[in-house]
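Here's the structure we're looking at; comments come further down.
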There are 2 protein chains.
Amino acid sequence: MATLKDVAAAAGVSPATASRALSEPGSVATAGRERVLRAAAQLGYRVNPAARALRSGRSGHLGLVLPDLANPFFASVAKGVQARARELGRTVLVADTEEDPALELDLVARLREQVDGVILCSSRMPESQLRSHADAGRVVLVNRELDGVPSVSVDNADGVRQGLEHLRALGHRTVAYAGGPASSWSDQRRREAFAAVEGITVVDLGPGRPVAARGVAAADLALGSAATAVVAYNDLVALGVLDQLRTRGVRVPEEMSVIGFDDIPAAALVHPPLTTVTLPLREVGRRAVELVVATADADPSDPPAVVRELLGVELVVRGSTAPAAAGAARSQA
Amino acid sequence: MATLKDVAAAAGVSPATASRALSEPGSVATAGRERVLRAAAQLGYRVNPAARALRSGRSGHLGLVLPDLANPFFASVAKGVQARARELGRTVLVADTEEDPALELDLVARLREQVDGVILCSSRMPESQLRSHADAGRVVLVNRELDGVPSVSVDNADGVRQGLEHLRALGHRTVAYAGGPASSWSDQRRREAFAAVEGITVVDLGPGRPVAARGVAAADLALGSAATAVVAYNDLVALGVLDQLRTRGVRVPEEMSVIGFDDIPAAALVHPPLTTVTLPLREVGRRAVELVVATADADPSDPPAVVRELLGVELVVRGSTAPAAAGAARSQA
DNA sequence: TTGTAAGCGTTATCAG
DNA sequence: CTGATAACGCTTACAA
């Protein structure tokens, strides 16, 4: 493997000049610079990242910590992170916490030392622990907000608002919410948005794991209530609701409307196709990279610029929502 | 940040001994070792990965290159890789090639220099390019095989065989195959398996992208043929087939049976739930880590142990397959 | 603009 | 079993 010294020798300059020619081309005379570049190409020179990292203190790596890679929500964010990081010439160290806060804590701690900055996605950590990491700097939160920490989130409240407006326009007056994990920041924001909407009675189906099985249970709960529509924490739950309503012989959307969140690929493939709130997840990932790179490159003595981004969401109306049945609700199952 | 020197000083030993106490505990006297360990814990010492990598030549990182993180197939493999790597104290650098062979080539080249070994998943590279990387060593292939290169794959042929046996037992005699990308190694293996089965006439619906839209087109093709069942390249395609059959008013499984591949989460959530071939993808990821770590740790001068693993698959029979309609095929749509 | 030289923190070598 | 010493390859004051 060719080293910088080899390149310098081949180009007839000192290692320092060779280094500059490669990383600050402006600060080297044209003639020498070209000889260095040529020599580097000739020898197939590639900088040794470990040496660079040791000397400069920056690895060029970004850390991405998320609860579950197999969840399409996080996978989309990860894709956005990947894409932007690559454009910026940075590599991404990914860590899957398996939804386990203890493991998350451990992984974040370990990762911090190997990367220039960490993107912490939908953290399951309690606020106090989270703060201890975030305060050490170089952390950007995704889908969670905390005072004094940069973050990128989607506008959960507006998603709920759009969904409920849609339902209200269709004549629904009682809507059930099949919530997500109690510890979920997104779920808390959505609950608040529910509470803020007027003219609709909310039936709280309680918290639950964000999986289809939870939707199955929630569907029966909804059927036992006066609700004519169900809003689910995410599409997985909504799909479970749809499934169970079919099993119970309740027609969707005629007898019960269903709205999901996230717009995962499967949402458009089921029947009826799911009305859901689509989130700009790739863009969330991209913005998170911008933020974390900015904080990593910033002079640590500067006042930390805390940016909080909120990206817009959009209700996608498909086949799982329709006008509420006129008069009384459906016949009790 | 505490360095090894600090720990050594606190423990009253030389840096060399401190280093040994931490990495080869067996080679240090008990008393000194304990003082080092205590001092390290006390000072919150963490090894500097860059320094270690520079000196030892191993970063502790593993590279994972895959076509699309948002594809549940690859996400599952990635989870397996993650989990096993973490257990082994290694971190994972992930690169998403966006199904682009040119980008893949570039990413593999870049990644190679930053990691101890690369797991190359479902490579889209032509064989010649692939070989040039693989021959340089420290590469493990997933879902692709190449002479002289370690690899982990699933038994595609057996999956096809199980699916076709199932269909034949149900009385199907003409089966359509909605294939995947022509460049896909898995698809080629599956085609071969189709050709090897006796007693069933295969209708080749041609190659296609592994997405639902391709299944929509394939469904119409199948309806125009004598096939009473469709086997799809993967579940996404199968879901598209299901969707279009419904649109065309063809009942599944009564009038047409459908089999997918991969067993993605959505497969169990649609109606009818999809009969599909489930693949041990997490395990594939785990095995790939074992292999790549073994090659990375091996003495480069040793004869490279080329291991080729083939993991078993299993047909999961759900609701999308049923006996072929007696007598003539369904009434033409 | 360029070169010299001093490390960054760790591990490998080698002598004791 | 332990310690001194020398790198690993690069960047960056500082000097010229």
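These numbers come from a predicted model, not from an experiment.
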Tell me which residues in [range] put a heavy atom below 4.0 Å from DNA chain D, sorted by number, or none.
range	value
residues 24-45 of chain A	Tyr45(A)
residues 7-23 of chain B	Val13(B), Ser14(B), Ala16(B), Thr17(B), Arg20(B)
residues 109-118 of chain A	none

>> For Arg124(A), give me all partners under side-chain hydrogen bond (donor to acceptor under 3.5 Å, both in side chains), at least two apart in sequence or on another chain.
In response: Glu99(A)
Would you compute the distance between atom [atom1] of [X] and atom [atom2] of [Y] and round it to the nearest 0.5 angstrom?
X	Y	atom1	atom2	value
Leu93(A)	Arg110(A)	CG	CZ	12.5 Å
Leu4(A)	Asn48(A)	CG	CG	10.5 Å
Leu62(B)	Gln82(B)	CG	CD	10.0 Å
Thr97(B)	Phe74(B)	OG1	CZ	8.0 Å

> Does Arg86(A) pair with Asp96(B) as a salt bridge, N-O distance under 4.0 Å?
Replying inline: no
Quick check against the 3.5 Å criterion: does [X] have a side-chain atom that pairs as donor or acceptor with the backbone of [Y]?
X	Y	result
Arg35(A)	Ala11(A)	yes
Arg90(A)	Ser59(A)	no
Arg144(B)	Met125(B)	yes
Ser19(A)	Pro15(A)	no
Asp116(A)	Gly60(A)	yes

What is the distance, to the nearest angstrom, from the [atom1] atom on [X] to the [atom2] atom on [N]?
X	N	atom1	atom2	result
Leu54(A)	dG7(C)	CG	C1'	9 Å
Asn48(A)	dC8(C)	CG	C1'	13 Å
Arg46(B)	dT10(C)	CZ	P	12 Å

> Got Leu120(B) and Val142(B) here, is their nearest side-chain heavy-atom distance under 4.5 Å?
Replying inline: no
> Does anyone know the first and last nucleotide of DNA chain D in reach of chain B, 5' to 3', at under 4.0 angstrom to a heavy atom?
Replying inline: dC1(D) to dG9(D)
Hey, is [atom1] on [X] packed in by over 12 heavy atoms from elsewhere, all under 6.0 Å?
X	atom1	answer
Arg209(A)	CZ	no
Glu113(B)	CD	yes
Glu145(B)	CD	yes

> Angle, rounded to 10°, between the helical axes spanning five pairs at each terminus of the helix from dT1(C)-dA16(D) to dG16(C)-dC1(D)?
Replying inline: 30°
>> Once hydrogens and angles are ignored, does a donor-acceptor distance under 3.5 Å link the base of dT10(C) to the side chain of Arg55(B)?
In response: no
